[in-house]
**Student:** 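The structure is given below, and queries will be raised subsequently.
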Amino acid sequence: ILNVEQSPQSLHVQEGDSTNFTCSFPSSNFYALHWYRWETAKSPEALFVMTLNGDEKKKGRISATLNTKEGYSYLYIKGSQPEDSATYLCAFFPPGSSNTGKLIFGQGTTLQVKP
Amino acid sequence: DAGVTQSPTHLIKTRGQHVTLRCSPISGHKSVSWYQQVLGQGPQFIFQYYEKEERGRGNFPDRFSARQFPNYSSELNVNALLLGDSALYLCASSFLFHRPGPSYEQYFGPGTRLTVT
């Protein structure tokens with residue numbers, strides 16, 4: 001059974017703090033990993049799609065790294081702002097699902113940034 | 001450009017009833033996926049349709065079915081509703097469905113909140 005684990009489940013930080021959270025996935029049979037941001041009452045929004053071991057991607061103050069050999073990805077937020085408050089989901093796209101389009105999601109990390 | 005739209009926004013049904021949820025993908029997107037999200041869990045894959053054909057099915061009972069129309073919009077149908085079907089149902093569209101990379105980014109709609117009483 002393929003499982004995607006995210007930690008921590010929730011996080012409270014002060015405005016200006018930098019933070020990071022983890023997504024763990026099966027290290028064998030890797031194909032792609034997605035990160036999404038999901039603000040309350042809005043649609044999940046794609047942040048990054050990562051496919052290569054050692055990938056580092058950045059969008060503004062948010063960046064992500066990927067280690068496919070050990071099966072983890074980190075998401076970093078530098079200088080957190082209240083508008084960063086959201087649930088951050090990672091999703092694993094294993095090979096064998098290329099004909100099904102099946103993404104396996106973690107349970108998410110909910111970030112609350114206090115002003 | 002309009003994003004992925006879903007209707008209705010909220011729905012309350014009784015156990016045993018049938019429900020139909022609708023999704024319109026982003027213009028030009030040919031693939032539609034359906035996910036069920038229960039509180040405290042990540043979205044669970046239900047179906048993917050590409051070019052009007054079912055290309056993937058998650059671990060859901062046969063009470064769940066879907067179809068995609070020539071304009072690439074999609075319907076998710078659930079028969080004989082159970083209390084456990086109460087969830088947020090998300091629809092996502094993408095252009096190509098089986099390649100990794102930006103072309104496979106999924107664009108989600110706001111979801112339909114289904115409550116079964």
Side-chain angles (χ1 to χ4, degrees), chain A residues 1-10 21 23-25 29-53 55 57 59 66 68 73 86-110, chain B residues 2-6 9-10 23 25-26 29-51 53-60 66 68 74 88-113:
Chain A
I1 296 176
L2 296 170
N3 214 23
V4 179
E5 298 286 342
Q6 291 188 247
S7 62
Q9 192 171 342
S10 64
F21 18 96
C23 172
S24 301
F25 52 87
N29 301 323
F30 177 82
Y31 201 39
L33 188 93
H34 295 224
W35 280 100
Y36 291 85
R37 174 170 60 196
W38 195 358
E39 295 178 65
T40 303
K42 294 189 177 179
S43 309
E45 172 198 358
L47 286 173
F48 306 113
V49 178
M50 309 181 80
T51 57
L52 298 175
N53 185 42
D55 250 357
K57 299 217 171 179
K59 185 183 285 190
L66 179 68
T68 60
S73 176
T87 295
Y88 291 82
L89 292 164
C90 69
F92 174 65
F93 184 48
S97 62
S98 62
N99 289 327
T100 70
K102 179 177 181 177
L103 274 176
I104 301 171
F105 280 85
Q107 75 276 30
T109 292
T110 299
Chain B
V4 177
T5 58
Q6 292 186 245
T9 306
H10 295 88
C23 171
I26 290 172
H29 284 193
K30 299 181 179 181
S31 170
V32 169
S33 298
W34 286 95
Y35 292 85
Q36 181 196 64
Q37 198 254 343
V38 175
L39 274 175
Q41 297 180 21
Q44 300 288 313
F45 174 80
I46 309 175
F47 286 110
Q48 183 178 50
Y49 276 76
Y50 178 67
E51 291 283 18
E53 290 187 8
E54 180 185 305
R55 298 302 180 108
R57 174 184 282 256
N59 191 23
F60 281 80
Q68 188 176 32
S74 177
L88 181 69
Y89 288 85
L90 292 164
C91 170
S93 76
S94 60
F95 183 56
L96 294 172
F97 78 101
H98 66 279
R99 293 188 203 168
S103 62
Y104 190 71
E105 261 183 16
Q106 296 210 31
Y107 296 83
F108 284 86
T112 293
R113 173 73 61 189

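Protein chains get the first letters and strands the later ones, always in sequence-line order, with residue 1 at the start of each.
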**Student:** Applying ring pair (Phe, Tyr, Trp, His ring centres under 6.0 Å), can you list everything that pairs with B:Tyr89, at least two apart in sequence or on another chain?
**Tutor:**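 Per chain and number, B:Tyr89 pairs via ring pair (Phe, Tyr, Trp, His ring centres under 6.0 Å) with no residue.
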**Student:** Could you have a look at A:Pro44, A:Ala46, A:Ala41 and say which one has the most heavy-atom pairs with chain B under 4.5 angstrom?
**Tutor:** A:Pro44
**Student:** Excluding sequence neighbours, so at least two apart, what forms ring pair (Phe, Tyr, Trp, His ring centres under 6.0 Å) with A:Phe105?
**Tutor:**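 Scan of A:Phe105 (ring pair (Phe, Tyr, Trp, His ring centres under 6.0 Å), adjacent residues dropped) gives A:Tyr36, B:Tyr35.
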**Student:** With a 4.5 angstrom heavy-atom cut-off, is it the side chain or the backbone of B:Glu54 that approaches chain A, or both, or neither?
**Tutor:**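 For B:Glu54, neither part sits under 4.5 Å from chain A.
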**Student:** Are there more than 12 heavy atoms of other residues, nucleotides or ligands under 6.0 Å from atom NZ of A:Lys59?
**Tutor:** yes
**Student:** Taking atom CD of A:Glu39 as the centre, report whether more than 12 heavy atoms of other residues, nucleotides or ligands fall under 6.0 Å from it.
**Tutor:** yes
**Student:** Which one wins on heavy-atom pair count under 4.5 Å against chain A: B:Gly42, B:Gly58, B:Ala92?
**Tutor:** B:Gly42
**Student:** Which bit of B:Leu88 is near chain A, if near means a heavy-atom gap under 4.5 Å: side chain, backbone, both or neither?
**Tutor:**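 Just its side chain gets close to chain A.
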